[in-house]
Amino acid sequence: MRSNYQFRPNSQLDTIIFDLDDTLISWAKPQIEWNKFLKPMFAKMHAYLVELGYELEQEALARGFGRNTRDAWDHARAHDHHIAVSMGGVLHRALHDLNLPADDIDIEELMRHADWQPFPGVALYPDTHAVLDELRERGYKIGLITNAFQPMWMRDTELVTYDLIDRLDARITSGDTGFMKPHPAIFWRMLGMLDSAPDRAMYVGDSPAHDVRGANETGLISVHIDPPHLDKQPQSPIEQPDYTITTLTDLLPIVERIRNC
Ligand SMILES: [Mg+2]
């Protein structure tokens, strides 16, 4: 553990916000490839569109979705404006490219038919529940921000599966917010949902470029979780965290020390 935390005389830490992927759940051992994972989703969306009377090939839908997803993320990264990619927007463009009347199709209903599922092999860290329960026991508000292009209701399926949903006071995806980490807008939105403020909040995530930088630029205490299966190191001073931890359990003494400052 390392610390360059500066005591903030007027602050009282009462809020701890987490990233999801590789922070609360581990992607160390995925069991299938993305293409195989997505295939049933395209089959279900294709079946729904066919049921509505549209003619299209399932493969064409998958290709169009893949191309538009890559283009949208490339555009977002290239311009460094951190405007979020949304799955609904990607689907709309993919349908338009297939010469379907995208404006007439209920995209949200189409996404419901996709029936998003947890990724095989992705699992909780052994201490995730215990740490969240301990933090709640100590009275902290708990939030979640994920840079995901799905709406939160889609990823809620995973939060239910991992028994996380009732352990969170608020949760958002970048797809819902319009901006993605490290943009301060998504941090401010979560702070508002939790009725908190940057000098009362800590943020924990595995990505120096998204999680740590965003927390630093918004003024939260930043914690970099650096588990053994990852090696994401800070590339610039703004990506330097206040603390680095290996497991979530490492967080508990840090929070305790800040409380006793
Ligand atoms: Mg992550």
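When a ligand or atom number is given, it counts from 1 through the structure's own listing order. None of the values given here were measured: they were computed from a predicted structure.
The stretch residues 191-217 participates, sequence neighbours left out, in these ring pair (Phe, Tyr, Trp, His ring centres under 6.0 Å) pairs: Phe187-Tyr203. Listed by first and then second residue, the salt bridge (charged side-chain N to carboxylate O under 4.0 Å, His left out) pairs involving residues 210-230 are Lys181-Asp211, Arg213-Glu217 (not counting sequence neighbours).
Inspection of the environment of the Mg ion (ligand 1) yields the following protein N, O or S atoms under 2.8 Å: Asp19 OD2, Asp21 O, Asp206 OD1.
Pro208 meets the side chain to side chain contact (heavy atoms under 4.5 Å, CB included) test with His224, Lys232, Pro234, Glu239; sequence neighbours excluded.
Ring geometry for His183 against His82 counts as perpendicular: the plane angle is over 60°, on a 0 to 90° scale with 30° as the lower cut. Taking the six-membered ring where tryptophan is involved, the planes of Phe149 and Trp73 are tilted, since the angle between them lies from 30° to 60°.
Using a 4.0 Å cut-off between a side-chain N of Lys or Arg and a carboxylate O of Asp or Glu, Asp195 and Lys141 do not qualify as a salt bridge.
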